[in-house]
Amino acid sequence: PGSETKAGPGAAGPAHVYLDGVVAHGESEEAVELSGTWEYAVSVKAAAGGSHVAGGRPKGERLKFWYARTRAIEEGEGPVGEATATKWVGFYEGWFVLKLHGREHKVSESFALWPAEAGKDEAVAGRGRNAYGEFFLRGGVDDGVVRLERVYGAKIANPKKARRKRPCDE
């Protein structure tokens, strides 16, 4: 038997990645984009040797991300449970840049964002997936600024047999 670990929006585990950006609204109410930069959490940098992390990404270097909302969350759908007037709530698709072996690669991902607490639209929770696995989001949106923490949750039946597909393998 293998090991299992899980993380979630309510989990006390540390963030692996921090995202800082802006919320931009297009001409239509449905058009919402999130863009900005991301970096590894300090704990991930330290575990990887302090000044550099896996893949040769220097400490403190920030890389870009961009996501577009594909649709809003409908009433009764997902953890929100009811329709919300919050314009950033919904399903997103996009990418973040990852530097591996000195080259930049775009990693595609998709996720959903919703208010973390009823009546508090500025608190954000979410869940998504990319080539590195399933992740959970927590953070906030305030005056057009978005700050999120991404925490990966792993569910690996046998870690010795599991092999993740890396962007540079594509």
Side-chain angles (χ1 to χ4, degrees), residues 7-45 53 55 57-100 103-153 165-167 170:
H16 294 172
V17 173
Y18 294 111
L19 298 97
D20 291 310
V22 295
V23 179
H25 299 280
E27 291 180 21
S28 73
E29 220 174 272
E30 289 77 35
V32 180
E33 293 182 359
L34 308 177
S35 62
T37 59
W38 71 273
E39 70 176 336
Y40 288 105
V42 173
S43 60
V44 176
K45 293 175 192 174
V53 296
R57 187 173 160 277
K59 177 180 176 180
E61 182 180 0
R62 299 185 63 83
L63 297 168
K64 294 180 181 181
F65 69 80
W66 177 87
Y67 308 106
R69 186 171 74 168
T70 56
R71 68 181 182 87
I73 292 178
E74 302 295 329
E75 189 169 336
E77 181 177 43
V80 176
E82 60 186 57
T84 176
T86 305
K87 292 183 178 181
W88 53 261
V89 170
F91 294 92
Y92 288 82
E93 291 184 2
W95 49 263
F96 66 92
V97 172
L98 182 65
K99 192 176 265 189
L100 294 171
R103 294 180 55 198
E104 290 186 357
H105 302 271
K106 286 185 179 176
V107 178
S108 297
E109 65 183 358
S110 59
F111 57 87
L113 288 178
W114 59 85
E117 299 177 46
K120 294 188 177 182
D121 289 346
E122 66 279 354
V124 177
R127 185 175 185 163
R129 175 173 295 281
N130 62 31
Y132 296 98
E134 189 172 318
F135 58 86
F136 299 91
L137 297 164
R138 61 187 176 208
V141 174
D142 189 27
D143 288 332
V145 175
V146 60
R147 289 192 172 87
L148 300 172
E149 299 175 349
R150 179 186 300 143
V151 178
Y152 284 91
K165 185 177 180 181
R166 299 178 305 170
E170 295 176 353

Peer 1: Measure up the W38 and F96 rings against each other and bin them: parallel (under 30°), tilted (30 to 60°), perpendicular (over 60°).
Peer 2: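 The rings of W38 and F96 stand perpendicular, inter-plane angle above 60°.
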Peer 1: Which atoms form the tightest heavy-atom contact between R103 and H105, and what is the distance?
Peer 2: O-CD2, 3.4 Å
Peer 1: One pair to check against side-chain contact (heavy atoms from CB on, under 4.5 Å): V23 and H25. What are the steps and the verdict?
Peer 2: CA-CA 7 Å; V23 179; H25 299 280; 3.7 Å; yes
Peer 1: Give the minimum heavy-atom separation between V107 and L98, together with the two atoms involved.
Peer 2: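 In this case the closest contact between V107 and L98 is CG2-CB, 4.0 Å.
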Peer 1: Within this structure, what is the CH2-CG distance for the pair W114 and L137, rounded to the nearest 0.5 Å?
Peer 2: 8.0 Å
Peer 1: Using a 4.5 Å cut-off on heavy atoms from C-beta on, say whether the side chain of L34 contacts that of L113.
Peer 2: yes
Peer 1: Looking at V89 and P115, what are the two nearest heavy atoms and their distance?
Peer 2: CG2-CD, 3.5 Å
Peer 1: Measure the spacing between CZ of R69 and CD of E93 and express it to the nearest 0.5 Å.
Peer 2: 13.5 Å
Peer 1: If you compare all heavy atoms of D20 against all heavy atoms of F65, which two are closest, and at what distance to 0.1 Å?
Peer 2: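 The pair with the smallest heavy-atom distance is O-CE2, 3.5 Å.
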Peer 1: Measuring from atom OH of Y67 to atom OG of S108, what distance do you get when rounded to the nearest 0.5 angstrom?
Peer 2: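 Reported value, rounded in 0.5 Å steps: 10.0 Å.
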Peer 1: Rounded at 0.5 Å granularity, tell me how far CG in L19 sits from CD in E149.
Peer 2: 9.5 Å
Peer 1: Hey, could you give me the CZ/CG distance between F135 and L148, rounded to the nearest 0.5 Å?
Peer 2: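 F135 atom CZ to L148 atom CG measures 9.5 Å (nearest 0.5 Å).
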Peer 1: Is the shortest heavy-atom distance from the side chain of R129 to the side chain of E134 under 4.5 Å?
Peer 2: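 Yes; the side chains approach each other to less than 4.5 Å.
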Peer 1: Could you grab the distance from atom CH2 of W95 to atom CD of E109, nearest 0.5 Å is fine?
Peer 2: 11.0 Å
Peer 1: For W66, what residues pass the side-chain hydrogen bond (donor to acceptor under 3.5 Å, both in side chains) criterion, not counting sequence neighbours?
Peer 2: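 Only E33 meet the side-chain hydrogen bond (donor to acceptor under 3.5 Å, both in side chains) criterion with W66.
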